[in-house]
Trainee: 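Please see the structure below; I have some questions.
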Amino acid sequence: MPRYNPKEVEPKWRAAWAEAQVFRAETGSAKPKYYVMEMFPYPSGRLHVGHARNYSMGDVVARFKRAQGFNVLHPMGWDAFGLPAENAAAERGVDPSAWTHDNIDVMRQELQRLGVSIDWSREFATCDPGYYGKQQAWFLRLWRRGLVYRKEGLVNWDPVDMTVLANEQVIDGRGWRSDAIVERKKLNQWFLRITDYADELLECLKTLDRWPEKVRLMQENWIGKSQGLRLTFPFTGPAPAGFEHGVTVYTTRPDTLFGASFVALSPDHPLTEALAAADPRVAAFVEECRKGGTSEAEIETAEKLGFDTGLKVAHPFDPAWQVPVWIGNFVLMDYGAGAIFGCPAHDQRDLDFARKYDLPVTPVVLPPDADAASFAVGDEAYVDGGRIYNSGFMDGMEVGAAKAAAIAKAESLGLGEGTTVYRLRDWGLARQRGWGCPIPIVHCEACGIVPVPEADLPVTLPQGMDFGRPGNALARHPTWKTTTCPGCGGPAERETDTLDTFVDSSWYFARYPNPDAAEPIDKAAANYWLPVDQYIGGIEHAVLHLLYARFVTKALRDEGMLEVDEPFAGLFTQGMVTHETYRRQNGEWLEPAQVDIASEGTTRRATLKETGEPVTIGDIEKMSKSKRNVVAPADMADTYGVDAARLCVLSDSPPERDVQWTSAGVEGAWRLVGRVWTEFDAEPSSKAADPARETELRRATHKVIKAVTDAIEGWRFNSAIARLHAFVGVVRQHPEAGEARREALSALARLIAPYAPHLAEECWQRLGESGLIAAAPWPIYDPTLAEDEERVLPVQINGKRRGEIRAGAGASEAEVEKMVLDDPEIARRLEGLSIRRVIVVKDRIVNIVAA
RNA sequence: GCGGGCGUGGCGGAAUUGGUAGACGCAACGGACUUAAAAUUCGUAGGGCCGAAAGGCCCGUGCCGGUUCGACCCCGGCCGCCCGCACCA
């Protein structure tokens with residue numbers, strides 16, 4: 001009997017799928033729709049096993065839902081703008097567009113080879129003018145809505161990638177791609193008003209019940225809603241020009257206002273700037289504050305620095321009470337009001353500051369069991385609840401009531417208002433890079449900032465940008481900038497910034513329903529398909545892409561372009577595939593395939609295969625092209641076929657968990673492929689099937705259908721494969737020809753099809769089925785057959801297993817109890833003991849309590 | 001500091017609602033097939049102890065305690081690891 005040969009079988013069935021167009025999604029079909037997609041990849045060059053795992057997962061879901069009778073949309077595209085293309089251009093002098101498209105061609109071919117059931121008719125890349133031109137169109141519509149604005153402000157500057165970054169793209173004080181320490185820089189920047197949607201973005205998280213709790217929490221924390229009081233402290237003496245109203249602070253603890261001992265301004269506060277302009281000592285202090293780094297370690301150890309401005313403000317609740325105004329290096333300009341009042345007794349940071357500069361510490365919240373006469377604050381601020389004292393009209397109130405009372409009082413005095421403050425900042429979305437979507441704006445000396453008319457879109461990137469030097473290749477292009485003003489026809493310059501690539505990925509799911517539409521979004525098609533029923537991607541996008549996409553969906557909805565509130569009804573965050581990293585002594589990263597590893601006891605030494613030179617073994621990290629710690633699924637597929645590779649990446653590990661890559665699993669997957677095929681290929685046994693054995697096989701078949709169906713629905717792909725392994729063993733034990741075996745094989749082929757689709761087609765054909773298994777219905781189990789007729793019930797005595805009995809399914813407690821007590825073995829065990837209680841859990845277990 | 005998660009054999013992991021812990025796979029060992037090897041196939045296997053064997057006993061899901069007839073699962077307290085946020089007023 002010939003062995004299963006994936007090299008022959010697999011291409012044949014891919015051709016058959018393409019021919020029959022089985023993966024084509026029809027908008028408006030009468031079947032229920034199911035939109036499943038994985039986060040589209042950046043076309044970096046080749047697929048690694050992390051990609052293979054991710055897209056195999058999505059494909060299991062897509063094929064499963066298709067078999068269950070859904071009209072499935074499973075599209076693919078390319079997140080194709082971004083820095084790696086520019087870097088390739090700089091290093092090798094290639095054109096970023098050509099480089100990107102070459103990569104796309106390679107990766108498309110690899111994905112197709114994996115047999116992923118994608119509707120390729122909807123494919124696009126974000127660097128296609130047909131895509132980014134539509135993006136420019138909606139960008140301008142949001143501009144007209146006032147959601148896009150330009151402002152000079154402090155921005156995050158990545159000195160290596162030489163571009164501005166959004167807050168979400170600064171991780172631990174470093175650029176998310178370059179890992180360079182981010183600098184604060186004052187620049188004219190473009191922003192999207194994501195903060196207008198802060199409350200809705202927060203509220204709608206509650207409706208996303210098919211999202212991981214973790215992601216919702218991360219977004220909730222990122223949005224960072226807090227309720228508090230915005231309050232003004234009026235100046236007691238002559239006020240600095242422009243600040244006649246006083247100093248406005250934000251606090252979440254208005255109940256502690258009577259414990260105030262200072263007001264502190266941010267070094268970036270306008271009043272600080274005014275003072276610095278007039279007083280070189282203030283200017284020197286501000287300079288000192290800016291020196292500190294932004295990394296975690298530096299912030300953690302940074303000393304609290306203060307500068308007494310000499311100014312005094314009046315306490316809002318007691319005009320006679322003078323409070324000094326300081327400048328504090330720890331006060332952030334872009335949160336709250338950029339100024340705080342300090343209550344050292346009940347805030348640790350304020351306490352540290354007060355101790356250092358010898359400011360008063362007055363407790364105003366009395367802990368429940370403390371004595372008002374003796375309670376004092378030492379080195380630790382008291383931050384918990386209690387009763388308010390030393391606080392005039394608030395005396396005796398609990399913290400919550402006192403907050404409300406303080407807000408009411410401030411409002412009645414006209415000095416403040418209760419407000420909600422968010423941590424979320426507006427989305428800075430311009431990048432000083434050449435390989436991105438041009439911002440469709442021109443700068444006219446006469447008219448100022450003028451949007452390009454929609455009819456003139458797309459504003460396309462020019463040919464011949466020079467990426468050989470650092471900086472923005474678009475800005476230094478010899479002619480591209482030069483244009484005429486669409487308003488007055490006079491000379492004008494194009495905006496040279498491009499959009500953050502996260503803009504590109506913030507709406508692509510709404511383009512797949514009709515990727516050729518004249519409008520950015522074909523509303524009818526989008527209404528049919530959206531929201532995405534199941535989105536699959538990495539946790540690293542929890543507050544990046546996933547927040548931006550939610551925001552853009554809402555903004556486009558308000559513009560009338562979409563009708564859904566949320567883009568992704570279901571989200572699954574798959575684990576990363578990791579691998580050790582290897583570095584040559586000169587620092588060059590090496591691929592695992594280039595390295596030999598030798599183990600001596602517990603130490604492992606690595607050497608370069610070619611030269612034998614020593615190699616440093618580095619951290620285990622997510623597979624990425626930059627660290628070169630990638631293993632290609634194609635290597636596995638070359639040896640064992642695509643189906644074994646797919647089974648391998650989904651076996652053994654739950655999909656949400658990170659896995660450290662080893663090639664060990666592929667052998668097991670390959671054996672499964674072989675064992676399955678052997679059963680289909682075997683000559684039927686001439687032995688007649690006996691009814692008892694037929695029933696046994698039928699029960700196993702219906703059980704495995706239930707188990708695999710449940711496992712796929714619960715994202716336990718590894719368990720589903722384990723059940724299939726076991727089931728093949730059962731089928732093997734039942735070689736007798738007959739209806740039961742045929743039923744078993746038919747189920748087996750269809751159950752394994754989402755994982756090993758080529759093998760499944762071959763098996764299906766061998767069974768004599770005429771159609772494609774890719775279009776065959778999912779097997780349905782008979783619940784009565786999926787349950788055993790007879791149960792083995794373990795019998796415990798005092799919680800320890802002491803035997804077992806056999807009872808019919810559903811046997812009553814009384815029946816079972818009688819059987820147990822009649823059992824001679826159990827009786828022997830109970831000798832000399834008196835039975836206190838017998839607990840029978842129907843169809844499960846028996847426990848006898850005896851002493 | 002705040003928020004979240006995880007901890008089970010040599011390894012990856014299973015146990016879906018509190019009911020036989022270790023399914024399935026990898027690696028290992030033994031048998032069959034083979035001149036031999038590979039491939040394939042059948043089998044063994046948490047640890048310890050008693051026994052010639054059949055079989056039996058004890059321990060066991062990071063640690064300590066609790067609830068329960070019964071706990072990997074629930075509760076309290078520790079230890080360790082991982083992730084997110086963080087001078088957020």
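Naming: A, B, ... by sequence-line order, numbering from 1 per chain. No experiment lies behind these values; they were computed from the predicted model shown.
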Trainee: Where each residue is assigned the nucleotide of RNA chain B containing its nearest heavy atom, which of A:E667 and A:R801 is assigned the position nearer the 5′ end?
Mentor: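 Going by which nucleotide is closer to the 5' end, it is A:R801.
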Trainee: Is there a salt bridge (Lys or Arg N to Asp or Glu O under 4.0 Å) between A:R716 and A:E713 once you walk through the steps?
Mentor: CA-CA 8 Å; A:R716 295 184 306 276; A:E713 273 166 357; over 6 Å; no
Trainee: Of A:F262, A:F353, A:F285, which meets ring pair (Phe, Tyr, Trp, His ring centres under 6.0 Å) against A:F307?
Mentor: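 Exactly one pass, corresponding to A:F285.
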Trainee: If pairing requires Watson-Crick or G-U wobble contacts with both distances under 3.5 Å, which nucleotide is the partner of B:rU68?
Mentor: none
Trainee: Does a side-chain N or O from A:K304 land closer than 4.0 Å to OP1 or OP2 of B:rA89, or not?
Mentor: no
Trainee: With respect to the phosphate group of B:rC87, does any side-chain polar atom (N or O) of A:R349 fall under 4.0 Å of OP1 or OP2?
Mentor: no
Trainee: Does any nucleotide pair with B:rG60 by Watson-Crick or G-U wobble geometry, both distances under 3.5 Å, and what is it?
Mentor: none
Trainee: Give the rounded distance in Å between these two atoms: CD1 of A:I752 and C1' of B:rC24.
Mentor: 13 Å
Trainee: Considering Watson-Crick and G-U wobble pairs with both distances under 3.5 Å, what does B:rA36 pair with?
Mentor: none
Trainee: With salt bridge (Lys or Arg N to Asp or Glu O under 4.0 Å) as the rule and sequence neighbours excluded, what pairs involving residues 725-734 of chain A come up?
Mentor: A:E679-A:R732
Trainee: Between C1' on B:rG1 and CD on A:Q348, what's the gap in Å once rounded to a whole number?
Mentor: 10 Å
Trainee: Are a donor atom and an acceptor atom from the side chains of A:Y422 and A:D199 found within less than 3.5 Å of each other?
Mentor: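 On atom types as modelled, these side chains qualify, holding a pair under 3.5 Å.
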Trainee: For A:R423, what residues pass the salt bridge (charged side-chain N to carboxylate O under 4.0 Å, His left out) criterion, not counting sequence neighbours?
Mentor: none
Trainee: Applying a 4.0 Å non-hydrogen cut-off, can you work out what A:R675 is touching in the nucleic acid: base, sugar-phosphate, or nothing?
Mentor: sugar-phosphate
Trainee: Check the distance between B:rA89's P and A:H269's NE2 and give it to me in whole angstrom.
Mentor: 17 Å
Trainee: Would you say a side-chain N or O of A:T251 is under 4.0 Å from OP1 or OP2 of B:rA89?
Mentor: no
Trainee: Taking CG from A:N718 and C1' from B:rU16, how many angstroms apart are they, rounded to a whole number?
Mentor: 13 Å
Trainee: Need the pair for B:rG51. Rule: Watson-Crick or G-U wobble, both distances under 3.5 Å, any strand; none if unpaired.
Mentor: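 Per the H-bond distance test, none.
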Trainee: Would you tell me if any nitrogen or oxygen in the side chain of A:R844 comes within less than 4.0 Å of OP1 or OP2 on B:rU17?
Mentor: no
Trainee: I need the CG-C1' distance between A:L265 and B:rC88, as an integer number of Å.
Mentor: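 The distance from CG of A:L265 to C1' of B:rC88 comes to 17 Å, rounded to the nearest Å.
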Trainee: Of A:L793 and A:A707, whose closest RNA chain B nucleotide lies nearer the 5' terminus?
Mentor: A:A707
Trainee: According to the Watson-Crick and G-U wobble definitions, with both distances under 3.5 Å, which nucleotide is paired to B:rC6?
Mentor: B:rG80
Trainee: Find every protein N or O atom lying less than 3.5 Å from an N or O atom of nucleotides 2-9 of chain B, and list the pairs.
Mentor:
none

Trainee: Rounding to an integer number of Å, can you tell me how far A:E540 CD sits from B:rC85 P?
Mentor: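 Whole-Å distance recorded here is 12 Å.
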Trainee: Verify the contact: side-chain N or O of A:Y335 to OP1 or OP2 of B:rA89, cut-off strictly under 4.0 Å; return yes or no.
Mentor: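 Answer yes for this pair, as a side-chain N or O of A:Y335 is under 4.0 Å from OP1 or OP2.
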Trainee: So what's B:rA28 paired with, Watson-Crick or G-U wobble, going by both distances under 3.5 Å?
Mentor: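 Check on B:rA28: paired to B:rU44, both distances under 3.5 Å.
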Trainee: May I ask you to verify if any side-chain N or O of A:R732 is less than 4.0 angstrom from the OP1 or OP2 atom of B:rC42?
Mentor: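 Yes, within the criterion.
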Trainee: Taking the chi torsion of B:rG9, is it syn (within 90° of 0) or anti (everything else)?
Mentor: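 Syn, angle within 90° of zero.
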Trainee: Find the partner of B:rG1: check Watson-Crick (N1-N3 plus N6-O4 or O6-N4) and G-U wobble (N1-O2, O6-N3) distances, both under 3.5 Å, and reply none if neither fits.
Mentor: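 Pairing partner, where one exists within any strand: B:rC85.
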Trainee: Can you check the distance between B:rC26 and B:rA45, where both ends of the measurement are the C1' atom (answer in whole Å)?
Mentor: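 Per the computed distance, 14 Å lies between those C1' atoms.
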Trainee: Between atom CG in A:L650 and atom P in B:rA14, what is the gap in whole Å?
Mentor: 14 Å
Trainee: Does A:R671 get its side chain close enough to the base of B:rU40, under 3.5 Å, for a donor-acceptor pair?
Mentor: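 It does not, because no donor-acceptor pair links the side chain of A:R671 to the base of B:rU40 below 3.5 Å.
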